[in-house]
J.: 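Here it is, the structure, as structure tokens.
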Amino acid sequence: MATTTSTRTESHSFGVAKGTSDIEIPRGETQSSLTFYSPPSDGSAPWNYVEQPPEGWPQRNYGEDSHEVTINDIRGREQEFDMNVNGFRTVSGVESKEKDFTDDDKIKGNYYPEVEQVLLDNVPGAKRVFIFDHTVRRSDPNAKRAPVTRAHIDQTTKSAIARVDYHMGEEAEELLKGRYRLINVWRPINGPVVSSPLAYADSRSVPDDDIVPVEHRYPHRTGETAGVKHTGNSQWYYWSGMKNDERIFLQCYDSQDGARTPHTAFKDPRTQPDWPGRESIEVRTLVFG
Ligand code: OGA
Ligand code: FE
């Protein structure tokens, strides 16, 4: 989901920023308030603008519903999580040539091939990867994109099919007959993550009824993402102190088994004001096979 000024997380003052080596990284189960979806009060279909809305229009027409939830740490039991079942999985020990993540062309040249490889190596059945987008996030008031503090899923069935059509041209029809998945590959840039960690829900704990398609209005086209209602049964996880050589795969759509993970950044109550804000990159991919 796009981040706008109104969804920015609180930023810290970096006047006396500590290096993360001095920090005792928060680990284990924690509690935090997460923001869920609440429907537009007038009963209309939900939408949001990715960039500036037209003059006089709000950013979105739906509301928010905050609830305190328990967020469990998957560190030390990474092997228990399977993307086909839970909607997410981890990969450790991935080396990367790219260090800066400031130049889009360098990101495409250096980092995209690494993402393609890590998917081919770690997604059983994957035969082909098409990368269509990436987002760098920095918890800085001047950053273009900041962490997203709203539970969401990036794609729906409709937008997944539209992505395949949009990017794969003449091959789309054939590819849509096979298995296709939309997977985000997420990693920190300034790990270990000690503020605004990313939380993800076990796919099985969020029924389809709690997932609400939202019109996602870009300046030149309209896509669809999903908001997530709170009904009390969702099970949330994070990976404490996530490092730069670690990857979390967030499956947003799978045409075969259907696992998809709602996700959101959260404010960790253990984070101290002088700790560095989280910087990260997520790469959005189509995985075939
Ligand atoms: C994503 C995402 C939010 C964040 O990777 O799809 O929504 O705060 N990330 O990193
Ligand atoms: Fe997302």
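Each ligand, and each atom within it, is numbered from 1 in the order the structure gives.
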J.: Residue-level breakdown please: for Leu250 versus ligand 1, do any non-hydrogen atoms fall below 4.0 Å on the side chain, on the backbone, on both, or on neither?
T.: side chain
J.: Ignoring hydrogens and geometry beyond distance, is a side-chain donor-acceptor pair present between Thr156 and Glu224 at under 3.5 Å?
T.: yes
J.: I'd like to know if the side chain of Asp202 pairs up with that of Gln235 as donor and acceptor (distance under 3.5 Å, no hydrogens or angles considered).
T.: no
J.: Parallel, tilted or perpendicular: which fits the ring planes of Phe88 and Tyr237, with parallel below 30° and perpendicular above 60°?
T.: tilted
J.: Would you check the N or O atoms of Val148, main chain and side chain alike, for any that come under 3.5 Å of an N or O of ligand 1?
T.: yes
J.: Tell me whether the rings of Phe36 and His67 are parallel (<30°), tilted (30 to 60°) or perpendicular (>60°).
T.: perpendicular
J.: Which ligand 1 atoms does Asp154 reach within 4.0 Å, using its non-hydrogen atoms?
T.: 6 (O)
J.: Please tell me if the side chains of Cys252 and Arg260 come closer than 4.5 Å, counting only heavy atoms from C-beta onward.
T.: no
J.: Mind checking whether the Fe ion (ligand 2) has an N, O or S of Asp154 under 2.8 Å?
T.: yes
J.: Is Tyr37 close to Pro262 at the side-chain level, that is, under 4.5 Å between some pair of heavy atoms?
T.: no
J.: State the atoms of ligand 1, each with its element, that fall below the 4.0 Å cut-off from a heavy-atom position in Arg284.
T.: 6 (O)
J.: For residues Glu114 and Ser96, is any side-chain donor paired with an opposing acceptor at under 3.5 Å?
T.: yes
J.: Heavy-atom pairs closer than 4.0 Å: do any link ligand 1 to the side chain of Arg278, the backbone, both, or neither?
T.: side chain
J.: May I ask you to identify, for Thr149, whether its side chain, its backbone, both or neither come under 4.0 Å of ligand 1 on a heavy-atom basis?
T.: neither
J.: List ligand 1 atoms under 4.0 Å from Ala265, heavy atoms only on the residue side.
T.: 8 (O)
J.: Can you sort out which atoms of ligand 1 are near Asn184, meaning under 4.0 Å from one of its heavy atoms?
T.: 1 (C), 5 (O), 6 (O)
J.: My understanding is that we take every heavy atom of each candidate and find the minimum distance to atom 7 (O) of ligand 1. Doing that for His134, Glu279, His152, which one comes out nearest?
T.: His152
J.: Checking Thr231 against Asp210: is there a side-chain donor and acceptor pair closer than 3.5 Å?
T.: yes
J.: Find all atoms of ligand 1 within a distance of less than 4.0 Å from any non-hydrogen atom belonging to His263, and give their numbers and elements.
T.: 1 (C), 2 (C), 6 (O), 7 (O)
J.: Closer than 4.0 Å to some heavy atom of Pro147 - which atoms of ligand 1 meet that?
T.: 8 (O)
J.: Work out the angle at the Fe ion (ligand 2) between NE2 of His152 and NE2 of His263, rounded to 10°.
T.: 90°
J.: Would you call Asp209 and Lys229 a salt bridge, using N to O less than 4.0 angstrom?
T.: no
